Amino acid sequence: MPVWLEIAIRVAGVFVAFLTLPLIVGQTEHKVMAHMQGRLGPMYAGRFHGWAQLIADGVKFVQKEEVVPGAADKSVFRLAPAVALVPYLVALLVIPLGPGDLVAQPLDMGLFLVLAVVGVGIVAVLMAGWASANKYTLLGALRAAAQLLAYELPFVLAAASVAMAAGTLSLTGIVEAWRPWWLLWQLPALFVFFTAGLAEIRRPPFDAPIADSELVFGYLTEYTGLRFALFLLAEYVGIVVISALTTVLFLGGWKGPFASDTLGWLWTLVKVGAVAFVIIWLRVAFPRLRVDQLQKFCWLGLVPIALLQLILTAVVKVGF
Amino acid sequence: MELPGKGLLKGLGVTLKTMTRKNGVQQYPDVQPDLPARSRGVIALMEANCTVCMLCARECPDWCIYIDSHKETVEVPGAARARQKNVLDRFDIDFSLCMYCGICIEVCPFDALYWAPEFAYAEGDIRNLLHDRGRLGEHMAHVPAPDAHDPMGEPSKEESTAAKKGGAR
Amino acid sequence: MHPVIPYVLAALLFGTGVYGVTVRRNAVLLLMSVELMLGAVNLVLVTADVTLKQHVGQAFALFVIVIAAAEVGLGLAIVLQLFRLRRSIVTDEVGAEREPVAVSEDA
Amino acid sequence: MTVTDVLVCALGAVSLGAAIRVVTTNQIVRAGLWLVVALGALAGVYLVLTAELLAWVQVLIYVGAVVVLMLFAVMLTRAPIGRSDDLDRPRLPAILVGGGAGLGLAAVLADAYRWSYIGLSGVEPGNAEALGREVFTGWALPFEVLSVLLLAALVGAIAISRPEVGERREES
C-alpha cells in the first residue's frame, strides 16, 4: 500500500470516528438521562426510539439563522467554534484503538501532545466569551479560564504519574506496560485524571462557566445555528477524548480478560463507552459546584492527591 | 461521623435505580390518557333539563355563561288557564374566561350541567372557545355514568320515600 | 537545511519584540512583546542545537520557557495590582511622584 | 531549498506576520490571539527543527497557560472591544530601535552562516529521552535552582495579588 493511501485511510478513519462517536455519545446521553429521570427521551425521529434525533437536530441547526451580535468582534466570534473543535480532532489522531498499528499516528510523545492540545481549548472559550460583547459570556469565559487553568495542573500531574509508572510518554507504550494491578495502584491518579478531565471539558458538575441558572448560557449565550452546533459537537468530542484517554492511561486500553490481540479495538470501544456512560451518569446525579467550591476542590483536593500519587508512583517504581 | 461522599454515592444509586426501572410514561397523542372520573375537562349541557332559571349565569364568578330565552304559552287542554314556559334561545359558555370552578354545575337545581373529561378543545382563534348550546350538548356524550351507589350507604331520599309509599299502599 | 533561515527569522522576531517593547504603553502588551523576544531566543537556541548536533540548547530553551512562565505569572500579578491601584495599566503613568488613587472608592 | 527550508520559511512567515500584528494591532485582545498564532507557528518551526519536546512544551505552557493568563489579565483590566487609541508611544524611535536590532542581528547572523548547509539526517531528535538525559546529567543543579525560582515566583505572585490582610474585612 502506498504511503499516501495509508495516511488517507487513517485520517479518514479518525474523521469518521470524529463524526460518529460524538453522535452516539449524544444520543446515549439523551436516552440515559431521560430514563434516569423517569422519562423516555426522544422517541419519534427515525421511528425506532428516536435514534435519528441528533441528525434531525443537526438539520435544524443548519437551517437556523446565523446571528452575530452587533457589538461583537465579528471575525473572532466566527472563528471560535473552529478553534474549539480542532484540538480534540488532533487529540483523536494519536489515541490508539488496538494493539500494533491500530492508531492513526503513533507518536513517541503522544501523551504530551494530547495534554498540550487539550489545553488549547481554553483559547476558544476565551475567544467566544470575549467576542460576544455580552457580560454573561465574558463572566462565563473568565470562569472557564480560571477553571481550566486550575484543573490543568492535576490533569497533567495524574497523567505524569502513569507515564512515570510505564516509563514512556507514548500512549501505545503505556497500554503495553499496563498491568491489571495498576487499577489499584493508580486508583488515586485515575480519580484525579477523570475528575480533572470532566472539568477540562466543562461537563456537569463542573459546568459553572455555562451555569444556565446564573449566566444564561455562559460563553455560548450569543451563539446560534451551526456555530452553536459546532460548540455542542466539541463538547461531545471532548467526552470521547477524555473517555478514551482515561481508558488508554488507566484502564488498560485494548487489554481485556480474553482475546486482547484480535478483539482489542472492541475492548477499547467498550471501555470508552463505559467511561462515557459514567460521565453522563454524573451529569444526572450531581448538582453543579459553585465557583469557589470548584477552585477549592481543585487546589485542596485534587492537587494534593495527585502529588501524593506521584510520590507513591516514584517510591514503587524505584523500590521494586 | 458520616462517611464523606456518602450523599454522592446515594445520588448515583438513585439515578441508576430509576434508569433500570420501567417508567410509566404514556405518550399522549399515541396513547389517550385514562383520566379519573369527575375530571374537570369541559362543561356539558343537557338542554332538556334547563329551565332558564339563570342561577348558573348569576353565580358564575367571571360571567362566562350567556343565556337568552323567551316565554312561550302552553295551552294544556282541560287546564283552567294557559301556562307559561321558558324556552332557551342561547346557552353559551366562553371557555376563554371559564376558570373551571364548577360553581355553575353545583348550583344547577335541575342537573342540566355536567363535567365531561374532554380536554382537547384548544383553538387557533380565541373566539372559537365560545361553545354554543349545540357544542355543549355534544359534550354530553363524554359525560361518564354516575358512580354506583355505595352498597353500605344509606339509600337515597327518592328510594326511601318510594319504599315508604309502597309500604303504605 | 540552511540554518541561516531560522536564524534570520529569529533575528526579525527579536526585532519585532524590541519594537513592541519600545512602542507599547499598555503593560500587558509589553509583556506580550517580551514573550516574542524570548521566543526568538529559543529559536536561536534550537537552531544552534541542530547545527551543532547536541541538545544543550534545547535544555536551555526549556529553562527559558520555565523562566518566562514565572515572569508572566509575577508580571501579571503586578499588572493586576497596578490596575487595582490606578484603574489603568498604562506604563507611562507609573511614577513615584503620583499619589495612588484611593482604593476604597470602587475596588 | 529543501522541504525543511520550505516548511521553516512558511511557518516562520506565519509566525513573523502574527508577531507584527501583535505589536501593531490596536485591539488588545486581538494582540493576545495573534500571540497564540505567533507562538504556535514557532512551535511548528521547533517541530520541523526536530525539537519535538520543546514544541509541545511551547504549546502546553505558552498557548495553554501563558497566553490564557494574559488574555485573562486583559479581560480583568476591562479591555474594550474594538480599537483603543492610547496604546502606542510615538512610532518612529521604536521603529528605529526595533528595526535596527532586528536587521542588525539578522545581518550578523546571515554573514556568519552565509548559505551553509546542514543535513538533518544525523541529528538525534530532541525527544523526551534525549532532553531528559541532557537536563538531568549536565544541568541538574540549574534545574533545581529553577524549581526554587518557580516556587518563589508562585509565592511572590500570590503575595502581590492578595489584598492586604485585614483590609478587605474593614471594607465590607
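Residue numbers start from 1 in every chain, and the chains themselves are labelled A, B, ... in the order their sequence lines are given, proteins ahead of strands. Reckoned from all heavy atoms, side chains included, excluding hydrogens, waters and symmetry mates. Everything numeric here is computed off the predicted structure, so don't read it as measured data.
Gln58(C) contributes atom CD, which lies 6.0 Å from atom OG1 of Thr50(D) (distance to the nearest 0.5 angstrom). Atom CG in Leu105(D) sits 11.5 Å away from atom CG in Leu13(C) (nearest 0.5 Å). A distance of 7.0 Å separates OG1 in Thr24(D) from OH in Tyr19(C), rounded to the nearest 0.5 Å. Summarising the geometry, atom OG1 belonging to Thr22(C) is positioned 11.5 Å from atom CG belonging to Leu92(D); distances are rounded to the nearest 0.5 Å. Within the model, atoms CD of Glu71(C) and CG of Leu149(D) stand 10.5 Å from one another, a figure rounded to the nearest 0.5 Å. Rounding to the nearest 0.5 Å gives a distance of 13.0 Å between CG of Leu103(D) and CZ of Phe14(C).
Ranked by heavy-atom pairs under 4.5 Å with chain C, the list Ser147(D), Ala101(D), Ala51(D) is led by Ala51(D). Highest contact tally toward chain D, considering only Val79(C), Val8(C), Val50(C), is held by Val50(C) [criterion: heavy-atom pairs under 4.5 Å]. Your options are Leu146(D), Val67(D), Leu42(D), and the one with the most heavy-atom pairs under 4.5 Å with chain C is Leu146(D). Each of Leu31(C), Leu76(C), Leu80(C) has some count of heavy-atom pairs under 4.5 Å with chain D, and the biggest count is that of Leu76(C). Options Val44(C), Thr47(C), Asp49(C), Asn26(C) differ in how many heavy-atom pairs under 4.5 Å they form with chain D, and the most are formed by Asn26(C). Annotation: maximal heavy-atom pairing with chain D below 4.5 Å, among Ile78(C), Val66(C), Val56(C), Ile67(C), occurs at Val56(C). Residue with the most contacts toward chain C among Leu96(D), Thr25(D), Leu11(D): Thr25(D) (heavy-atom pairs, distance under 4.5 Å). Counting heavy-atom pairs under 4.5 Å between each of Ala19(D), Ala13(D), Gly32(D) and chain C puts Ala19(D) at the top.
In this structure, chain C has heavy atoms under 4.5 Å from both the backbone and the side chain of Val22(D). Both the backbone and the side chain of Leu69(D) have a heavy atom closer than 4.5 Å to some heavy atom of chain C. Contacts of Tyr62(D) with chain C are made by side-chain atoms alone, with heavy-atom separations under 4.5 Å and no backbone atom involved. Only the side chain of Phe83(C) comes within less than 4.5 Å of a heavy atom in chain D; its backbone stays farther off. Looking at Leu35(D), only its side chain comes within 4.5 Å of chain C, counting heavy atoms on both sides.
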Val72(C) vs Met70(D), test: side chain to side chain contact (heavy atoms under 4.5 Å, CB included). Steps then yes/no.
CA-CA 8 Å; Val72(C) 165; Met70(D) 282 180 165; 4.1 Å; yes

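Minimum heavy-atom separation, Ala106(D) to Ala11(C): N-CB, 3.3 Å. The two residues Val66(D) and Ala69(C) make their nearest non-hydrogen contact at CG2-CA, 4.2 Å. The heavy-atom pair separating Ala77(C) from Ile160(D) by the smallest distance is O-CG2, 3.8 Å. Nearest heavy atom pair, residue Gly20(C) against residue Val23(D), reads CA-CG1, 3.4 Å. Taking every heavy atom of both residues into account, Tyr46(D) and Gly39(C) meet most closely at OH-O, 3.4 Å. Among all heavy-atom pairs drawn from Ala153(D) and Leu74(C), the shortest one is O-CD1, 3.4 Å.
Exactly one residue among Val45(D), Val6(D), Asp5(D) makes a side chain to side chain contact (heavy atoms under 4.5 Å, CB included) with Ile5(C). That residue is Asp5(D).
Leu54(D) places a side-chain heavy atom less than 4.5 Å from the side chain of Leu62(C).
Between Phe60(C) and Trp139(D), the ring planes lie perpendicular to each other; the angle is over 60°, past the 30° to 60° tilted range.
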